[in-house]
Amino acid sequence: MDANATTPLLPEVFEAMRPFWMEHYGNASSIHQQGQQARGAVEQARTAVARFLHCLNSEIVFTSGGTESDNLALFGVLSNETEPAHLITTTIEHHAVLNAAESLEKNKVEVTFLECTPQGLIEPAALQAAIRPNTKLVSIMFANNETGVIQPIAELAAIAHAAGALFHTDAVQASGKLPLDLSADGLLKHVDLLTLSGHKIYAPKGIGVLFVRRNVRLAPMLHGGTHERQRRAGTENVACIVGLGKALELSSTWLASEAPGKLAALRDRFEQGILAQVEDTGVNGDSAPRVSNTSNLYFNHLEAEALVIALDLKGLSVSGGSACQSGAAEPSHVLTAMGLSPGRARASVRFSLSRLTTDEEIDEALKIIPTAVARLRELSPTWSRRESVAV
Ligand SMILES: Cc1ncc(COP(=O)(O)O)c(C=O)c1O
């Protein structure tokens with residue numbers, strides 16, 4: 001139950017990639033037949049990605065993953081500004097955006113970090129109020145990796161555009177879970193840059209996409225060949241690009257089926273099952289719109305890290321905070337930004353289901369978790385004090 005950290009390859013994705021490791025291993029820039037075969041596969045995958053996003057093939061840039069795409073969006077737009085430029089982002093972004101913004105700040109970019117509500121939402125009015133005449137870029141994530149909370153991206157992007165700023169969204173945790181329509185009639189028509197990552201959508205790790213709307217001027221971060229229309233130098237990762245294209249084709253089919261509704265029902269059954277069996281617990285971001293696979297729960301009177309280890313010993317993989325933050329002594333920056341006390345943030349665990357999660361696995365989780373929580377709480381001084389007060 002840690003699909004927001006990463007997902008396995010789907011068998012169809014693996015099969016689509018297979019020939020491109022050993023048989024068709026050409027360099028997509030070579031003019032001979034082997035090279036052209038690789039080029040054909042890359043362009044076919046680009047078409048699949050563009051179809052998924054409802055955009056032009058030329059608006060797709062393949063990168064090494066979500067982190068690179070986020071960095072390319074921020075640095076690509078802001079690093080060549082000659083006048084002092086202003087960036088607006090939020091306190092709940094993934095570190096790929098947060099740390100890129102902090103780095104830009106050291107290089108004379110003015111940065112505003114918007115605060116979220118206790119439900120983890122960024123209010124359009126807060127964005128409106130933060131806009132300055134020199135605001136060049138607004139970067140707000142689509143769905144949060146820890147809580148699954150979905151931001152009102154269409155409204156936020158429209159505000160940025162009305163003020164003449166570009167809008168980037170990190171859609172790593174929304175892709176494969178929500179439809180993404182960047183066309184002129186689509187919900188995301190005001191989005192100029194959008195990040196995807198392969199390994200959250202059943203494609204390999206180390207492959208990603210940055211959508212760059214036509215007419216957006218982007219300075220490359222890597223200096224080398226003219227790959228990806230001079231926006232991202234480096235020999236294309238053909239097999240992984242093929243895998244990403246296949247994964248997005250499968251995502252379209254999955255999204256159009258009854259499966260998302262079933263996954264949402266499974267997540268809700270899980271959440272309700274835990275709340276019914278375990279006292280002094282709750283859902284972080286429960287009344288905000290959330291992607292249907294994510295459940296961030298706090299279990300008062302215990303440390304998330306201890307629960308993560310206890311569940312791991314029972315064969316259940318979950319995360320305290322995000323995977324990238326696990327092992328960090330600090331409580332989650334997302335949960336503290338939502339106003340949770342450090343204690344409650346440290347008692348919060350992320351459960352994230354995948355398309356492959358079964359009813360039986362949820363039954364098993366509903367047995368394992370309450371027992372593990374009860375055992376850990378027996379060792380907690382605050383829990384025993386609380387019981388004696390109740391008696
Ligand atoms: C919201 C979000 N953005 C960016 C990333 C980074 O993506 P990648 O692991 O492909 O670099 C992640 C990965 O956890 C993420 O959840």
Side-chain angles (χ1 to χ4, degrees), residues 1-9 13 49 60-76 89-103 113 116 120-122 139-151 153 156 167-178 180 191 193-211 221-222 232 234 237 240-241 243-244 247-248 251 284-285 288 290-291 293-296 317-328 332-335 337-338 350-354:
M1 296 178 79
D2 202 15
N4 285 11
T6 199
T7 54
L9 290 192
V13 171
V49 180
I60 299 300
V61 179
F62 289 114
T63 67
S64 67
T67 301
E68 184 186 333
S69 295
D70 284 344
N71 275 264
L72 181 56
L74 269 64
F75 283 93
T89 184
T90 79
T91 52
I92 54 169
E93 299 299 310
H94 188 272
H95 281 99
V97 168
L98 278 183
N99 290 347
E102 280 173 13
S103 171
F113 294 93
C116 67
L121 285 164
I122 302 299
S139 178
I140 300 180
M141 73 197 318
F142 204 138
N144 186 268
N145 43 310
E146 294 188 34
T147 60
V149 169
I150 301 169
Q151 301 302 336
I153 288 299
L156 294 165
F167 190 89
H168 166 246
T169 188
D170 174 340
V172 166
Q173 296 288 350
S175 55
K177 299 170 189 167
L178 300 171
L180 301 175
V191 170
L193 301 124
L194 178 143
T195 294
L196 297 183
S197 169
H199 73 105
K200 313 288 182 175
I201 49 171
Y202 312 88
K205 294 161 186 65
I207 187 71
V209 160
L210 182 65
F211 157 81
M221 279 202 308
L222 302 181
R232 202 281 187 177
N237 183 353
C240 291
I241 288 173
L244 181 61
L248 287 176
S251 290
N284 296 317
R290 286 182 292 149
V291 284
N293 79 317
T294 308
S295 194
N296 193 303
S317 313
V318 300
S319 265
S322 64
C324 325
Q325 287 302 97
S326 296
S332 145
H333 71 284
V334 175
L335 299 179
M338 287 164 69
R350 177 185 74 185
F351 300 86
S352 46
L353 281 58
S354 86

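In listed order, ligands and their atoms are each counted from 1.
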T89 and its side-chain contact (heavy atoms from CB on, under 4.5 Å) partner, picked from I122, V97, I140: V97

Is there a nitrogen or oxygen of S197 sitting under 3.5 Å from a nitrogen or oxygen of ligand 1? yes

Gap separating the CD atom of E146 from the OG atom of S352, nearest 0.5 angstrom: 11.0 Å

Is there a donor in the side chain of T195 and an acceptor in the side chain of D70, or the other way round, less than 3.5 Å apart? yes

Examine ligand 1 and decide if any of its atoms is less than 4.0 Å from a heavy atom belonging to K205. no

Pick whichever of H199, H95, E68, Q173 has a heavy atom sitting closest to atom 9 (O) of ligand 1. H199

Under 4.0 Å, heavy atoms only, figure out whether ligand 1 is touched by the backbone of V172, its side chain, both or neither. side chain

T63 OG1 to N71 CG distance, which is reported to the nearest 0.5 Å: 10.0 Å

Who gets closest to atom 6 (C) of ligand 1 by heavy atom: N71, T67, L196? T67

Non-hydrogen atoms of A337 and C116 that approach each other most closely: O-SG, 3.5 Å

Have a look at ligand 1 and work out which part of D70, if any, has a heavy atom under 4.0 Å from it: side chain, backbone, both or neither. side chain

Considering only heavy atoms, which of N145, D170, T195 lies nearest to atom 2 (C) of ligand 1? D170

Going by the side-chain hydrogen bond (donor to acceptor under 3.5 Å, both in side chains) test, name the single residue among S317, S319, S354 that passes it with D2. S319

Can you list the atoms of ligand 1 that are under 4.0 Å from a heavy atom of M141? 1 (C)

Nearest heavy-atom neighbours spanning Q173 and N4: NE2-O, 3.0 Å

For ligand 1, which atoms sit closer than 4.0 Å to a heavy atom of G65? 10 (O)

Consider every N or O of G66 and every N or O of ligand 1, then say whether any pair is closer than 3.5 Å. yes

